[in-house]
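Each remark here refers to the structure printed beneath this line.
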Amino acid sequence: MSAVRAGIAGIMLPAVFPTLDHALPVLWDHVRARPVREAHRDFIRVCIGPGRGDGVARCLDRGGLWSTTLYVGSLTRWTAHPITITTHHP
């Protein structure tokens with residue numbers, strides 16, 4: 001897979017990575033450092049956590065974009081932070 005651009009709005013500025021395999025651990029480190037409800041963290045881990053990323057790669061191959069929203073905080077007080085990964089063509 002070619003280079004990807006990945007970021008988390010309000011948490012991690014978008015950056016270009018040589019491959020998806022380089023981007024996913026960086027994204028996951030930012031997610032796991034945040035107060036996120038366990039079930040939501042599990043969902044995000046299935047998408048971008050260690051040893052994962054096959055579904056993300058398929059989305060990028062099909063349309064050049066994968067995204068989801070990270071909800072940080074408690075059930076009654078949270079902020080939304082879109083996670084976006086796109087293919088990057090310099």
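Position 1 is the first residue of the sequence, and the numbers go up from there.
By the 4.5 Å heavy-atom criterion applied to side chains, L65 and I85 are not counted as neighbours. By the 4.5 Å heavy-atom criterion applied to side chains, L70 and V31 are counted as neighbours. Annotation: side chain of T84 is not in contact with side chain of W66 (no heavy-atom distance under 4.5 Å).
Taking both residues in full, the closest heavy atoms of V4 and A23 are given as CG2-CB, 3.8 Å, listed atom of the first, atom of the second, then distance. Contact record, I44 with T69: CD1-O, 4.4 Å, taken as the closest heavy-atom pair. Contact record, C47 with R52: O-CB, 3.9 Å, taken as the closest heavy-atom pair.
T79 and H81 are linked by a side-chain donor-acceptor pair at a separation below 3.5 angstrom, with hydrogens and angles left out of the test.
For P35, the side chain to side chain contact (heavy atoms under 4.5 Å, CB included) test picks out V72, with sequence neighbours left out.
Proximity of a side-chain donor or acceptor of R41 to a complementary backbone N or O of R34 within less than 3.5 Å is detected.
Ionic pairing of D42 and R45 is present here: one or more N-O contacts between side-chain nitrogen and carboxylate oxygen are shorter than 4.0 angstrom.
Under a hydrophobic-cluster definition in which Ile, Leu, Val, Met, Phe, Trp and Tyr are linked whenever side-chain heavy atoms come within less than 4.5 Å, directly or via other members, F43 and W28 are assigned to the same cluster.
Using the six-membered ring where Trp is involved, W78 and Y71 have ring planes that are perpendicular, over 60° apart on the 30 and 60° scheme.
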